[in-house]
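Encoded as structure tokens, the structure appears first; notes follow it.
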Amino acid sequence: MSVSRFLVVMAASALVLAVVCVPTVRAQDDGPVNFDIASQSIAKALITYAIQAKLSIAMPKALSYRDGKTPTLKGRYLRTEALERMLRGTGFSFELVNNRSVRVFRMPPPIVEVIAPTNPGSEPPQIEEILVTSLLRPDIAHKLPYSVTSVRLDDSFGIGTNETFNVARKVASLHALQQGNGQTKLLIRGLSDGALAGRSQALVGTYIDGSQISQNGPEPNLRLVDINRLEILRGPQGTLYGSGALSGLYRIVTNKPDTDNFGLSATASFAVTQSGDPSQAVSSTVNIPVIANRLALRAVGFYENNGGFVDELGLEQDGIDSRSDVNSSEVWGGRVSAGLELDKWSLTLSGIFQNIEASDSSYFLPSLGRFARANSFPEPNKDLFRQLNANLEVDLGWADFSSDISFVRRTFDEIVDATSVELEFIDTTESNLLLERLTTDRNLETVSVETHLKSKPGERLEWILGTYYALRRENLRYQLNAANNVISYDEGLNEEQMEYALFGEATYFLREKLSVTAGVRGFTYNTDAIDTASGALLFEETTLEGKQKQTGLTPKAVLSYHPDDTVMVYLQYSQGYRLGGINIEGPNALLSNAPEASDTILENFASDRLNSFELGYKHQSVDRKFAINAAAFYADWSNIQAREFDDIGLPLVANIGDARIYGAELDVLLRPWQNVQLKGNVAYSKSDIVNPTAALGTMRGDNLPAAPRFGTGFSVNIDASLTDNILTNLIVDYSYTDGSRLFFDQQASQTIEAYHFVNLQASMYWRQFRLTLFVTNLLDSRDNIFAFGNPFVSPIDTTGQDESFSVSPRPRSIGLDIGYRF
């Protein structure tokens with residue numbers, strides 16, 4: 001069956017199920033009703049109540065067997081009286097929506113706080129339970145037996161939250177390697193396959209809602225505009241999420257179309273940067289209910305211009321010997337979604353696009369001055385992201401069905417100064433072969449279909465069954481260009497990979513507060529590739545082929561115990577994995593006279609696997625003024641895929657051996673007074689390479705590269721009222737990230753420096769308006785946070801000594817941000 005037919009059949013089958021299984025509820029009078037409801041879980045009792053009362057009932061999003069039982073209810077009562085008796089002492093309450101429907105909700109804590117209100121004219125918001133949906137069913141974060149952080153991207157989180165790098169600083173064990181101009185790589189718990197993102201799968205699975213968007217490249221760095229929350233799940237997630245979530249999950253949850261309320265918001269900001277050009281950004285969101293309670297449209301648009309701060313001293317262009325602030329970048333894009341809701345099913349269609357265009361790279365050579373370098377050619381790069389997604393949710397009565405059909409396309413274009421390239425088997429100093437630039441073009445496309453069938457909440461046995469299918473295609477092309485536009489070397493790799501998976505997970509409550517979870521995922525994949533090479537350096541065009549196939553299982557087991565409603569401890573074992581792949585050949589191999597140069601088979605790199613053990617503790621006080629999440633972990637990582645460069649500077653992937661990683665992390669939340677919130681986190685991880693291969697200079701006992709051992713962060717959030725209509729908010733946040741080595745060969749590797757980072761912002765709210773003054777990088781940190789630049793050359797300082805390239809955070813910037821919400 002073709003991919004297109006498969007998608008059509010899946011969608012049509014889901015729609016038929018939705019229509020056939022939708023029951024109806026009739027309105028009844030408000031007189032007394034005979035009830036006979038046994039003591040049972042709250043979720044099951046509410047369903048029984050709805051049937052006997054002949055009402056439509058909206059239950060909380062997260063209900064579990066652990067929430068306890070209702071008392072027995074038998075007799076003739078008014079519907080409201082019966083529900084009040086049934087929920088008494090459970091921690092839940094209700095409200096009548098109309099004469100045929102009722103909403104049940106968790107009761108707020110005894111003490112109500114105000115934390116960074118976004119609409120000063122409204123009533124102070126309740127402190128709500130933090131919901132998480134990354135485990136494929138809604139649940140409360142502090143009751144989940146996993147190390148998970150849910151980040152609400154409202155004003156209380158601070159300025160600059162539209163970028164992944166700024167979010168990562170505030171989350172324990174999450175680290176973002178920033179190469180500059182939107183090129184970011186995510187690491188969790190010190191698991192690193194190197195500083196560079198390349199053709200191996202990402203270690204952290206990046207999702208937007210139910211669709212995977214991380215592929216074999218840098219983290220997409222989508223601008224976080226009109227986002228409900230981020231969910232960071234630490235540890236391997238191979239059972240539910242499969243390949244590419246070996247160290248954890250980074251999930252973006254968007255705001256869905258609202259079928260009830262019209263909404264409009266807009267922001268604009270301007271910032272000046274020390275020793276650089278100014279920056280500007282605008283964004284806007286609109287929500288339009290088309291049919292009340294049924295259909296709505298939501299649209300988001302954004303644009304930003306980030307001024308450069310690196311000076312190019314050696315580039316001759318249009319008769320000018322130098323240029324200032326060359327590393328500027330532009331980002332623009334948007335998201336459009338349509339949501340249709342009926343009684344028992346919903347359909348959401350969405351599309352996302354984002355373009356990142358950088359005029360030049362961001363590294364520099366410190367010996368030439370702060371933010372200065374001397375290249376021969378500019379190094380622009382582009383990153384174009386496109387995604388289409390369809391999500392269907394159906395209430396089957398006895399279970400919940402969901403399906404996500406997604407198409408993701410990502411295109412990279414990059415130019416690198418290649419004047420220092422040296423090939424082993426040919427003299428490139430001749431005038432017609434004098435190398436100038438390496439041009440890289442990559443196009444990645446993925447079509448995926450994922451379906452879930454889930455038990456209803458509140459059952460003693462909770463289960464999930466799922467299927468997954470993905471078709472991935474990659475077109476990769478390297479071109480070494482010489483003087484006079486001569487193509488010296490041109491190599492292209494066309495790769496296609498198909499993956500199938502079937503998975504399941506079940507949780508059984510031995511008692512209300514004691515549960516055990518077990519899961520397994522079975523997968524298989526096939527990869528085929530064709531590599532062709534031509535150009536002035538080769539005598540004839542060369543064609544090579546590659547194949548790879550693998551089948552496997554990934555298990556998972558969790559034991560959790562809740563002594564009471566405020567404390568939880570858990571023990572977890574889980575596995576993660578990444579699919580293998582096929583390397584591009586490279587000019588030195590094709591130009592050599594070695595026997596392998598005449599082979600017709602491309603070199604493979606094998607899949608790798610992680611076995612992880614985790615012990616966790618969580619506590620949240622009854623009034624929610626104090627919360628602590630702590631976890632300790634140990635992991636065995638086998639057959640590690642590592643991405644670095646070959647001997648001339650072209651990227652390759654190799655299996656470098658095994659490693660052991662252990663560490664701990666801690667998140668703390670404290671609300672000591674009304675309108676004051678303190679947050680802190682600390683993380684430590686230690687790695688040791690064992691059983692190393694000869695690849696990439698790895699040695700026994702070395703640490704994994706680019707993985708800081710220690711990191712910590714702290715933030716203070718204070719609210720105050722100037723008048724009845726004017727509120728103010730002050731946020732100060734600080735983070736520290738430890739240093740590390742850049743590459744696996746740590747005897748000859750550059751050093752990523754430890755760095756401190758401080759942001760400050762002050763906001764004022766008046767009616768629907770917000771005015772924010774902010775300072776980023778308050779201490780003007782100049783540390784080298786990514787000690788790498790051009791892969792073809794080892795930098796030399798003005799005295800002839802070896803020196804590391806440097807990438808620094810954006811210098812101290814001061815700006816103003818204006819927001820409006822209707």
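No hydrogens, no waters, no symmetry mates; every other heavy atom, side chains included, goes into these values.
- Among Leu249, Ile188, Leu174, Val148, the single residue meeting the side chain to side chain contact (heavy atoms under 4.5 Å, CB included) criterion with Arg234 is Ile188.
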Could you walk me through whether Thr206 and Thr164 pass the side chain to side chain contact (heavy atoms under 4.5 Å, CB included) check? CA-CA 11 Å; Thr206 302; Thr164 305; over 6 Å; no
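- Thr254 and Asp209 form a side-chain donor-acceptor contact under 3.5 Å, judged by distance and modelled atom types alone.
- A donor-acceptor contact closer than 3.5 angstrom links the side chains of Glu665 and Ser147.
- Looking only at side-chain heavy atoms (C-beta outward), Ile726 and Met764 come within less than 4.5 Å of each other.
- Contacts of Glu231 classified as salt bridge (Lys or Arg N to Asp or Glu O under 4.0 Å), with partners at least two apart in sequence or in another chain: Arg229, Arg251.
- A donor atom on one side chain and an acceptor atom on the other are not found under 3.5 Å apart for Glu505 and Thr239.
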Quick one, Glu512 with Tyr65, criterion side chain to side chain contact (heavy atoms under 4.5 Å, CB included). Give me CA distance, side-chain angles, the key distance, then yes/no. CA-CA 6 Å; Glu512 287 182 7; Tyr65 189 82; 3.9 Å; yes
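- Side-chain atoms of Thr723 and Asn725 form no donor-acceptor pair, as typed in the model, at a separation below 3.5 Å.
- A side chain to side chain contact (heavy atoms under 4.5 Å, CB included) with Arg770 is found for one member of Thr267, Leu727, Asn729 and no other, namely Thr267.
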After noting the C-alpha distance and the side-chain angles of Asn293 and Glu341, does the key distance pass the side chain to side chain contact (heavy atoms under 4.5 Å, CB included) rule? CA-CA 7 Å; Asn293 302 317; Glu341 297 182 6; over 6 Å; no
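- In this structure, the side chains of Pro60 and Val104 come closer than 4.5 Å at one or more pairs of heavy atoms.
- Tyr508 places a side-chain heavy atom less than 4.5 Å from the side chain of Arg460.
- No side-chain N or O of Asn261 forms a donor-acceptor pair with one of Asn287 less than 3.5 Å apart.
- A donor-acceptor pair under 3.5 Å links the side-chain atoms of Gln52 to the main chain of Asp36, judged by distance alone.
- Contact check for Thr48 versus Gln40: side-chain heavy atoms found under the 4.5 Å cut-off.
- Using a cutoff of 4.0 Å between basic side-chain nitrogens and carboxylate oxygens, Lys143 and Asp67 are scored as salt-bridged.
- Checking side-chain atoms of Lys513 against main-chain N and O of Arg66 turns up a donor-acceptor pair under 3.5 Å.
- Note: Tyr755 and Phe165 have parallel aromatic rings, judged against thresholds of 30 and 60 degrees for the angle between ring planes.
- For the 3.5 Å distance criterion, the side chains of Glu614 and Tyr570 qualify, holding a donor opposite an acceptor.
- Taking the six-membered ring where the residue is Trp, the centroids of Phe710 and Tyr684 are separated by 6.0 Å or more.
- For Lys556 (side chain) and Gln237 (main-chain N/O), no donor-acceptor pair under 3.5 Å exists by modelled atom type.
- Judged as a salt bridge (Lys or Arg N to Asp or Glu O under 4.0 Å), and not counting sequence neighbours, the contacts of Lys686 are Asp688.
- When only modelled atom types and interatomic distance are considered, Arg169 and Thr737 share no side-chain donor-acceptor pair under 3.5 Å.
- A donor-acceptor pair is defined here as one N or O able to donate and one able to accept, closer than 3.5 Å; such a pair exists between the side chain of Tyr49 and the backbone of Arg79.
- Using a 4.5 Å heavy-atom cutoff, the side chains of Ser56 and Arg100 are not in contact.
- Here the side chains of Leu615 and Tyr617 are not in contact, with every heavy-atom distance at 4.5 Å or above.
- Looking at heavy atoms from C-beta onward, Thr776 lies in side-chain contact with Phe774 at the 4.5 angstrom threshold.
- With sequence neighbours excluded, no residue satisfies ring pair (Phe, Tyr, Trp, His ring centres under 6.0 Å) with Phe302.
- For Asp667 and Asn681, the side-chain atoms include no donor-acceptor pair closer than 3.5 Å.
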